[in-house]
Amino acid sequence: MLERKAAPLREQAVEVLRASIVRGELVPGARITEKAIEQRLGVSRTVVREALRQLESERLIRIQPGVGPVVAELTLDEARQLYEVRAALEATAARLAARNADDAQIAALRAAFDSIPEQRPDEIDALLAIKNGFYVALIAASGNHIIGEQLANVQARISQLRAVTLGAPDRQAAMRAELGAVVDAIARRDEDAAYRLSVAHVMAASSIALDHLSTRAKDIA
């Protein structure tokens, strides 16, 4: 019985901490103290440590000798590799959606796209939630939920960079145009175009993110 109660508490702790990292409340390099988490969430140290182990396995945090758990910082090369993986996953999902989706799934994907605002909202969190809804519809249309699981992990690891890319000047209009082209390709069952346009969308975001990391590295140096 105790194990059954502990599991939901651990999952809740993981969700809260993951969300804090995604929203940028816990910035890269920030130290995470177990006591502060215990007090914030009202859970035991055992639950906190289990949650931290889960986040470490997702590579959202790392254990730094002599310091303890800290929010993981992406190197320029790690970010490049993650965006390459994201491009492959998203593009494959788009190709499969063009091949497999039924009319209802394409309509749902179109509706999810239509919910993306033409102008960026003040809160990036809101835009990230809407975009995540689009990806939920894309994965459903693809019929491959394993891709969705892998993509969610990659998105989590680059979550703060997504906020950077979405916050870039003029990115909202460009992002919406890119995704609209992907949806149109899926709707007309053009697998190759859906794949190619998805890769282009992710690489456009990647360029902004990598420029940001490169500039930050120069500033630190």
Side-chain angles (χ1 to χ4, degrees), residues 19-28 71 73-95 97-98 106 108-139 141 148 151-188 190 192-221:
S20 294
I21 293 171
V22 168
R23 289 195 296 264
E25 295 170 4
L26 292 171
V27 299
V71 178
E73 298 180 78
L74 286 178
T75 66
L76 188 63
D77 195 48
E78 286 171 336
R80 176 186 59 77
Q81 293 179 47
L82 283 167
Y83 273 101
E84 288 173 349
V85 173
R86 177 184 163 190
L89 291 170
E90 281 192 31
T92 300
R95 183 192 293 279
I106 291 178
L109 181 62
R110 179 75 68 181
F113 167 74
D114 289 340
S115 71
I116 299 174
E118 295 184 4
Q119 294 186 335
R120 190 182 72 228
D122 293 334
E123 295 294 330
I124 291 294
D125 284 358
L127 183 54
L128 282 170
I130 292 169
K131 273 206 74 180
N132 287 341
F134 173 82
Y135 287 120
V136 168
L138 175 63
I139 295 304
L151 183 58
N153 180 262
V154 171
Q155 297 282 43
R157 290 188 64 189
I158 60 173
S159 56
Q160 293 180 34
L161 291 176
R162 289 182 72 200
V164 168
T165 61
L166 291 173
D170 303 321
R171 180 57 189 155
Q172 182 71 14
M175 176 268 291
R176 206 173 186 282
E178 291 159 11
L179 290 181
V182 172
V183 173
D184 288 342
I186 291 172
R188 65 175 183 268
D190 189 335
D192 290 342
Y195 188 97
R196 172 175 49 79
L197 291 166
S198 292
V199 170
H201 164 64
V202 178
M203 289 298 100
S206 173
S207 178
I208 296 170
L210 297 183
D211 282 347
H212 168 78
L213 286 178
S214 180
T215 299
R216 190 176 70 181
K218 290 177 183 177
D219 290 343
I220 294 173

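- The structure places CD of Glu90 at 8.0 Å from CD1 of Ile139, a figure rounded to the nearest 0.5 Å.
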Fill in: Derivation of the side chain to side chain contact (heavy atoms under 4.5 Å, CB included) call for Met175 and Ile116
CA-CA 10 Å; Met175 176 268 291; Ile116 299 174; 4.0 Å; yes
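- Formation of a donor-acceptor pair under 3.5 Å by the Gln172 side chain with backbone atoms of Pro117 is found in this model.
- A search for salt bridge (Lys or Arg N to Asp or Glu O under 4.0 Å) contacts involving Asp114 returns nothing, not counting sequence neighbours.
- Atom CG in Leu213 sits 11.0 Å away from atom CG in Asp77 (nearest 0.5 Å).
- The shortest heavy-atom contact between Leu138 and Ala94 is CD1-CA, 4.0 Å.
- Not a single salt bridge (Lys or Arg N to Asp or Glu O under 4.0 Å) links Arg157 to another residue, sequence neighbours left out.
- Every residue two or more places apart in sequence or in another chain that forms a side chain to side chain contact (heavy atoms under 4.5 Å, CB included) with Ala168 is listed here: Arg171, Ile208.
- Looking only at side-chain heavy atoms (C-beta outward), Val182 and Phe113 stay at 4.5 Å or farther from each other.
- In the model, Tyr135 has no side-chain atom that pairs as donor or acceptor with a side-chain atom of Gln155 under 3.5 Å.
- The number of heavy atoms from other shown groups lying within 6.0 Å of CG (Asp170) does not exceed 12.
- To the nearest 0.5 Å, atoms NZ (Lys131) and CG (Leu166) are separated by 5.5 Å.
- Applying the side chain to side chain contact (heavy atoms under 4.5 Å, CB included) test to Arg188 and every residue at least two apart in sequence or in another chain returns Asp184, Ala185, Asp190, Ala193.
- Here the CZ-CD1 distance, from Arg86 to Ile158, works out to 5.0 Å after rounding to the nearest 0.5 Å.
- The salt bridge (Lys or Arg N to Asp or Glu O under 4.0 Å) check on Asp211 picks up nothing, with sequence neighbours excluded.
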Discussion item. For a side chain to side chain contact (heavy atoms under 4.5 Å, CB included) check, start with the C-alpha distance between Ile186 and Arg95, then their side-chain angles and the critical distance, and finish with the verdict.
Written reply: CA-CA 7 Å; Ile186 291 172; Arg95 183 192 293 279; over 6 Å; no
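- Rounded to the nearest 0.5 Å, atoms OG (Ser20) and CG (Leu26) are 5.0 Å apart.
- When atom types are taken as modelled, the side chain of Ser206 and the backbone of Val202 share no donor-acceptor pair closer than 3.5 angstrom.
- Between the Ser207 side chain and the Ala204 main chain, no donor and acceptor come within less than 3.5 Å of each other.
- Ser198 places a side-chain N or O within donor-acceptor distance of the main-chain N or O of Ala194, the cut-off being under 3.5 Å.
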Item to complete: Before giving the answer on side chain to side chain contact (heavy atoms under 4.5 Å, CB included), spell out for Thr165 and Tyr83 the whole-Å C-alpha distance, their side-chain angles and the decisive distance to 0.1 Å.
Response: CA-CA 12 Å; Thr165 61; Tyr83 273 101; 3.9 Å; yes
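- For the atom pair CG of Leu210 and CG of Leu161, the computed distance is 8.0 Å after rounding to the nearest 0.5 Å.
- Listed by chain and residue number, nothing satisfies the salt bridge (Lys or Arg N to Asp or Glu O under 4.0 Å) test with Glu78 (two or more places apart in sequence, or in another chain).
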